[in-house]
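No hydrogens, no waters, no symmetry mates; every other heavy atom, side chains included, goes into these values. Throughout, protein chains are lettered first and strands after them, A, B, ... in sequence-line order, and every chain is numbered starting at 1.
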Protein chains: 2
Amino acid sequence: MIRISKKVEYALIALKFISKSGDRVVTAREISDSTNIPYDLLSKILQKLKNENILASNQGSYGGYSLNKRPEDIPLLNVMNVLDGETAITECMIENHDIECCHTDTCSIKSPIIQLQKEFEELFRNKKISDFV
Amino acid sequence: MIRISKKVEYALIALKFISKSGDRVVTAREISDSTNIPYDLLSKILQKLKNENILASNQGSYGGYSLNKRPEDIPLLNVMNVLDGETAITECMIENHDIECCHTDTCSIKSPIIQLQKEFEELFRNKKISDFV
DNA sequence: CACAAATAGGACTATATTAGTCCAAATTAG
DNA sequence: CTAATTTGGACTAATATAGTCCTATTTGTG
């Protein structure tokens, strides 16, 4: 059941919330309270987005998060990769995949899978956070 | 880690195998032996494809499977839906979804998600089994 | 300095999904 | 009748996702 993870879904909601808040920094608590996203989980998500320089953060009281890039410069694919790891449509598409696929000899669908992988990535790379704001 | 399931991967390999076999019926055992796909799992997959009229089957000895549609008339999305259930990019995209999303009031990303869902489906609907053969 | 409000992040648990296995029944050609 | 096959239910194992808990660190303010 191919699906976008909750983490990514929450990230989109949070990013929208932050981008609607102007220059003001926004706390994880604030987002959690107004969206019902579990606080602890949300914190992890925001931290990862910060480590990827999508968000900027200030610690300490009166701290919080703010956007570090323009929404139109943040591809959805980026957010997905940050939160859930590399987006590989099949196991054998994972880069540096050292586990030999047991179908290697017989698997003749590899090249169309590579093509599909490309189109898939393109779809999610062309979607920007601005499309969700 | 958004990914096509093994079931679908196996189905693609099996469908390719069958379509390469001309008019001859092909047994699950035969496919399993030459592709290393676990026999029991493969059987289930072929049965589901049969129930969906993508394959035709003959029981008994000298039985087996054959294509019931032209590869170019079988969308990948169909195979995915048959094997893994409805393809909904997020939980709230599942049709007749009666569980109220706890973000309903605050979730303002619904309309772009619907749009993404459409584009996603289009990608996988336009891919046909013939693209993998 | 002490405190409160934040981010930061490791470790863990619970739940759900996916993958795979086992078993028995029904069908059919020879 | 028998062997080869599809059919299909029930179960187990493995993996991934979602969520929780706890503690450390940072920093503005009284």
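Comparing D:dT20, C:dA8, C:dG20 by their nearest atom to the side chain of B:Y10 picks out C:dG20. Comparing C:dG9, D:dG8, D:dG28 against the side chain of A:Y62 picks out D:dG28 as the nearest. With distances taken from any side-chain atom of A:K6 to the nucleotides D:dC21, D:dA18, D:dA4, the minimum falls on D:dA18. Residue B:S57 places its side chain closer to D:dT7 than to any other of D:dT7, D:dT5, D:dG8. Considering only the side chain of A:Y39, C:dT7 comes nearest among C:dT7, C:dG30, D:dT6.
Atom-to-atom, CD of A:E52 to P of C:dT7 comes out at 19 Å; the value is rounded to the nearest Å. The distance from atom CG of A:L41 to atom P of C:dG9 is 16 Å, rounded to the nearest whole Å. Going from atom CG of B:L46 over to atom P of D:dT7 covers 9 Å, rounded to whole Å. Here the C1' atom of nucleotide D:dC11 and the CG atom of B:D40 are 12 Å apart, to the nearest Å. Atom CZ in A:R3 sits about 8 Å away from atom P in C:dT17, given to the nearest Å. Between A:D84 atom CG and D:dT15 atom C1' there is a gap of 14 Å when expressed in whole angstrom units. As a whole-Å value, the separation of B:D33 CG from D:dA4 C1' is 13 Å. In this structure, B:Q47 places its CD atom 17 Å from P of C:dG20, rounding to the nearest Å.
No donor-acceptor pair closer than 3.5 Å links the side chain of B:E52 to the backbone N or O of B:Q47. With hydrogens and angles ignored, the 3.5 Å screen pairs a side-chain donor or acceptor of A:N68 with a backbone N or O of A:N53.
For C:dG9, one of the phosphate oxygens OP1 or OP2 lies less than 4.0 angstrom from a side-chain nitrogen or oxygen of A:N51. When the side-chain nitrogen and oxygen atoms of B:N58 are compared with OP1 and OP2 of D:dA4, none of them lie within a distance under 4.0 Å. Under 4.0 angstrom from either OP1 or OP2 of C:dA19 there lies no side-chain N or O belonging to B:K7.
A salt bridge links A:R24 to A:E30: one of the charged nitrogens lies within less than 4.0 Å of a carboxylate oxygen. Taking 4.0 Å as the cut-off between side-chain N and carboxylate O, B:D73 and B:R70 count as a salt-bridged pair.
Put simply, the side chain of A:K44 and the base of C:dG10 share a donor and an acceptor less than 3.5 Å apart. For a distance-only test at 3.5 Å, the side chain of A:S61 fails to qualify as a donor-acceptor partner of the base of D:dT29.
Each of A:Q59 and A:I2 was assigned the nucleotide of DNA chain C with the nearest heavy atom; the assignment lying further toward the 5' end belongs to A:Q59.
Atoms OH and CD1, from B:Y10 and B:I31 in turn, are 13.5 Å apart once rounded to the nearest 0.5 Å.
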